[in-house]
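Read through the structure below, which is laid out as structure tokens, and then see the notes.
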Amino acid sequence: MQFSKKNEFIYQPHWNDNIEYYKEQDRGYEYREDLFVPGHFELPIKKGESVIFSAGLSEASPRNLDKLWESELAKRIRREDMYSCLKNSAQQFYKKEGDKIFLMAGYPWFTTRARDQFVALPGCTLCAGGEAIFDSMMSSSVPDVEQFLAGNTANVTLQGIDKPDVLLWFIWTVQQYARKVSPADAAEKYGHLVEKIISFIRKQAHPNLLLHNNGLLYVNGRENPATWMDAIDEGMPITPRTGYVVEINALWYNALKFAAEMAAHCHDEHNADLLNYRAEISKESFIKTFWNEHNYLYDYVDGTYKDYEVRPNMIFAVGLPYSPLEKSQQKKIVDIVTRELLTPKGLRTLSPKSGSYRPVYIGGQKERDRNYHNGPIWPWTLGAYATAYLRIYKQSGISFIERMLFGFEDEMKELCIGTFSELFDGNPPFKGHGGISFAMNVAEILRILDMLAAAENNEL
């Protein structure tokens with residue numbers, strides 16, 4: 001511990017007894033301890049004078065602390081509003097590994113995870129003014145995707161690249177690049193890989209994506225989680241979503257339509273027509289399989305079992321660039337999600353009307369895992385909701401989406417300053433929990449801000 005100015009350390013040992021950590025208490029851990037303070041520093045200071053304090057594992061030069069401070073300060077983004085704070089937060093997820101760069105899923109205990117990276121990449125780069133960093137991260141990630149397509153996952157950096165929805169989220173990431181930068185550039189850089197992924201899935205080469213004759217994808221989520229709702233209890237999924245899963249098949253329809261768009265840009269009209277034809281088969285089966293008599297979508301369908309739970313996963317069938325639903329159906333989905341799931345912090349993972357609703361994320365590990373996707377709010381789903389809402393209500397929906405962000409701006413003053421927690425309680429006061437800073441949440445709020453700017457300029 002060093003200062004930029006001469007000082008004196010006063011040895012005055014003292015124990016502070018029974019310091020309590022309420023977050024640890026919420027999580028069912030030991031939360032009380034005694035802390036020892038050996039003493040304090042004293043130094044003279046004049047009005048208006050700045051003093052630099054340094055703490056590190058090795059000795060620094062006190063003479064150079066001023067210069068070091070100024071150089072570090074120059075690297076920082078000036079945080080004056082919601083956007084600049086989130087841009088700063090987004091850049092904190094950038095993780096260099098040798099000559100490669102990836103996107104961390106969050107802090108403090110996360111690493112690079114494939115699904116999280118592809119969901120968060122557009123918001124954390126393209127919507128934060130970073131087309132170059134998007135290209136760098138894609139250059140680092142594409143080899144992992146190609147390795148997986150070749151049947152080799154031994155040396156990939158992205159964890160969970162074999163999850164059923166990951167390749168579909170990768171295509172969505174390319175799609176966001178096409179819409180934000182250039183469809184022609186997207187086709188040139190990634191069109192071949194998009195086509196390769198579609199072919200990989202159609203050839204039944206994925207270990208847990210089975211394409212049925214009706215044009216829908218079937219996954220097995222009984223023994224291992226197949227979707228982002230991946231909490232487990234004693235080795236088994238707590239939310240065993242299996243069979244035809246709603247957001248996976250919405251992503252599949254969207255992927256087919258976008259692949260057709262890429263093929264057209266590459267002047268491959270035959271393949272474009274073929275992909276559009278397959279998309280139409282998928283669309284017809286999607287509506288027939290998922291639309292229920294209560295005018296919303298089943299969460300998943302497995303044989304004769306149909307899951308009626310109202311979850312946010314259905315919003316992706318409206319919020320993706322290509323929707324398999326008719327306009328009237330899209331509006332009904334937006335309406336039920338608004339009534340039962342929308343909160344000031346995003347969408348609940350389960351409707352309060354459900355008997356399985358467990359909105360509070362506190363308690364021991366087992367209790368928190370059981371609650372994880374059965375009531376708490378995951379803000380990243382708000383990106384698809386905002387897209388869906390603006391698709392239905394267009395310019396008249398802008399003020400509503402803007403008002404939704406007020407709760408997030410207030411949240412940036414709590415817990416980890418300038419960013420968003422992983423999840424929030426499903427009931428008021430919507431208290432934050434989990435990781436203190438979560439990439440998908442930051443990314444999708446950035447994407448909403450970008451959407452609002454485009455909407456106001458009539459560019460949606």
Side-chain angles (χ1 to χ4, degrees), residues 15-36 89 92-93 95 103-113 115-116 119-120 159-160 224-225 227-241 311-312 341 343-352 354-382 407-408 410-445:
W15 279 98
N16 291 307
D17 298 331
N18 296 320
I19 301 297
E20 295 185 350
Y21 305 97
Y22 76 90
K23 277 290 182 184
E24 299 297 282
Q25 185 178 17
D26 282 351
R27 296 170 68 83
Y29 299 142
E30 291 293 328
Y31 66 94
R32 187 181 288 125
E33 69 176 356
D34 300 335
L35 294 178
F36 179 68
S89 180
Q92 292 172 348
F93 299 121
K95 181 183 180 183
L103 198 69
M104 288 180 60
Y107 289 98
W109 48 69
F110 298 98
T111 182
T112 51
R113 305 190 305 201
R115 179 190 295 119
D116 297 65
V119 170
Q159 291 187 359
N224 295 295
T227 74
W228 72 278
M229 292 187 164
D230 55 1
I232 58 174
D233 182 16
E234 297 181 359
M236 297 296 290
I238 292 171
T239 312
R241 304 173 70 228
R311 294 187 181 273
L341 302 179
T343 74
K345 295 294 189 294
L347 303 184
R348 297 182 178 98
T349 43
L350 186 63
S351 169
S354 171
S356 301
Y357 183 61
R358 302 167 69 106
V360 183
Y361 189 72
I362 60 172
Q365 186 71 53
K366 182 171 285 193
E367 183 178 359
R368 282 183 284 117
D369 285 345
R370 287 174 177 172
N371 294 12
Y372 206 36
H373 299 109
N374 286 311
I377 302 155
W378 288 71
W380 75 274
T381 56
L382 203 60
F408 286 95
D410 291 341
E411 186 60 36
M412 295 170 75
K413 302 172 186 175
E414 305 290 334
L415 299 177
C416 190
I417 305 300
T419 188
F420 304 125
S421 300
E422 181 182 2
L423 70 161
F424 296 81
D425 289 338
N427 286 352
F430 309 113
K431 194 174 177 182
H433 299 283
I436 59 173
S437 184
F438 198 61
M440 293 202 299
N441 293 344
V442 170
E444 286 298 85
I445 301 304

message: Rounded to the nearest 0.5 Å, what separates atom CD in E444 from atom CZ in F408?
response: 11.0 Å
- prompt: With a 3.5 Å cut-off and no angle check, do the side chains of Y107 and Q92 form a donor-acceptor pair?
  reply: no
- request: Return yes if some donor-acceptor pair links the side-chain N/O of E422 with the main-chain N/O of G434 below 3.5 Å, else return no.
  value: no
message: Let's go through Q365 and D369 carefully: what are the C-alpha distance in whole Å and the side-chain angles of both, what is the deciding distance for side chain to side chain donor-acceptor pair (under 3.5 Å) to 0.1 Å, and is it a yes or a no?
response: CA-CA 6 Å; Q365 186 71 53; D369 285 345; 3.1 Å; yes
query: For the side chain to side chain contact (heavy atoms under 4.5 Å, CB included) test, which of L415, D26, I362 pairs with K431?
result: D26
message: Would you compute the distance between atom CG of N441 and atom CD1 of I377 and round it to the nearest 0.5 angstrom?
response: 11.0 Å
- prompt: Which atom names give the shortest non-hydrogen contact between P108 and G435, and what distance separates them?
  reply: CD-CA, 4.2 Å
task: Check step by step if side-chain contact (heavy atoms from CB on, under 4.5 Å) holds for L382 and I445.
output: CA-CA 8 Å; L382 203 60; I445 301 304; 4.3 Å; yes
message: Can you confirm whether more than 12 heavy atoms, excluding those of E30, are under 6.0 Å from its CD atom?
response: no
Heavy-atom check, side chain of N18 versus side chain of D34, under 4.5 Å: yes
Residues forming a salt bridge (charged side-chain N to carboxylate O under 4.0 Å, His left out) with R241, sequence neighbours excluded: E247, D299
- prompt: Taking Y361 for the side chain and E367 for the main chain, is one N or O donor matched with an acceptor at less than 3.5 Å?
  reply: no
message: Using the side chain to side chain contact (heavy atoms under 4.5 Å, CB included) criterion, which residues pair with E414? Sequence neighbours excluded.
response: E411
- line: Distance col, row F93:CZ vs F110:CZ, nearest 0.5 angstrom, shows 9.5 Å
query: Any side-chain heavy-atom pair from K345 and F420 closer than 4.5 angstrom?
result: no
For a quick test of your reading: what N or O donor-acceptor pairs under 3.5 Å do the side chains of residues 232-239 make, sequence neighbours left out?
unit_1, atom_1, unit_2, atom_2, d
D233, OD2, R370, NE, 3.3
D233, OD2, R370, NH2, 3.1
E234, OE2, K366, NZ, 3.2

- prompt: CG of D17 to CZ of R32: how many Å apart, nearest 0.5 Å?
  reply: 11.0 Å
query: Short question: side chain of S354, backbone of S356 - any donor-acceptor pair under 3.5 Å?
result: yes
statement: Distance col, row L423:CG vs W380:CH2, nearest 0.5 angstrom, shows 13.5 Å
- prompt: Closest heavy-atom contact between R368 and G363?
  reply: NE-O, 2.8 Å
message: Keeping S437 on the side-chain end and T419 on the backbone end, is there a donor-acceptor pair under 3.5 Å?
response: no
query: Does a donor on one side chain and an acceptor on the other come within less than 3.5 Å for Y357 and R348?
result: yes
message: Show the nearest heavy-atom pair for residues C416 and I436, with the distance to one decimal.
response: CB-O, 3.3 Å
field: Test item: W378 side-chain N/O and H373 main-chain N/O as donor-acceptor pair under 3.5 Å
entry: no
Under 3.5 Å: donor-acceptor pair, side chain of T112, backbone of M104: no
- prompt: If you take all heavy atoms of K23 and G432, which pair is closest and at what distance?
  reply: NZ-O, 2.5 Å
Close side-chain approach of V442 to S89, heavy-atom, < 4.5 Å: yes
message: Restricting to non-hydrogen atoms, name the atom on T349 and the atom on G375 that form the minimum distance, rounded to 0.1 Å.
response: OG1-N, 2.8 Å
query: When you check the side-chain N and O atoms of N374 and R311, is any donor under 3.5 Å from an acceptor?
result: yes
- prompt: With a 4.5 Å heavy-atom cut-off, do P376 and F424 have their side chains touching?
  reply: no
message: For A105 versus D116, what's the shortest heavy-atom pair and its separation?
response: CB-OD2, 3.7 Å
task: Apply the test ring-ring contact (aromatic ring centres under 6.0 Å, His included) to residues Y22 and Y31: give CA-CA distance (whole Å), side-chain angles for both, the deciding distance (0.1 Å), then the verdict.
output: CA-CA 7 Å; Y22 76 90; Y31 66 94; over 10 Å; no
query: Measuring from K95:NZ to L103:CG, what's the distance to the nearest 0.5 Å?
result: 11.0 Å
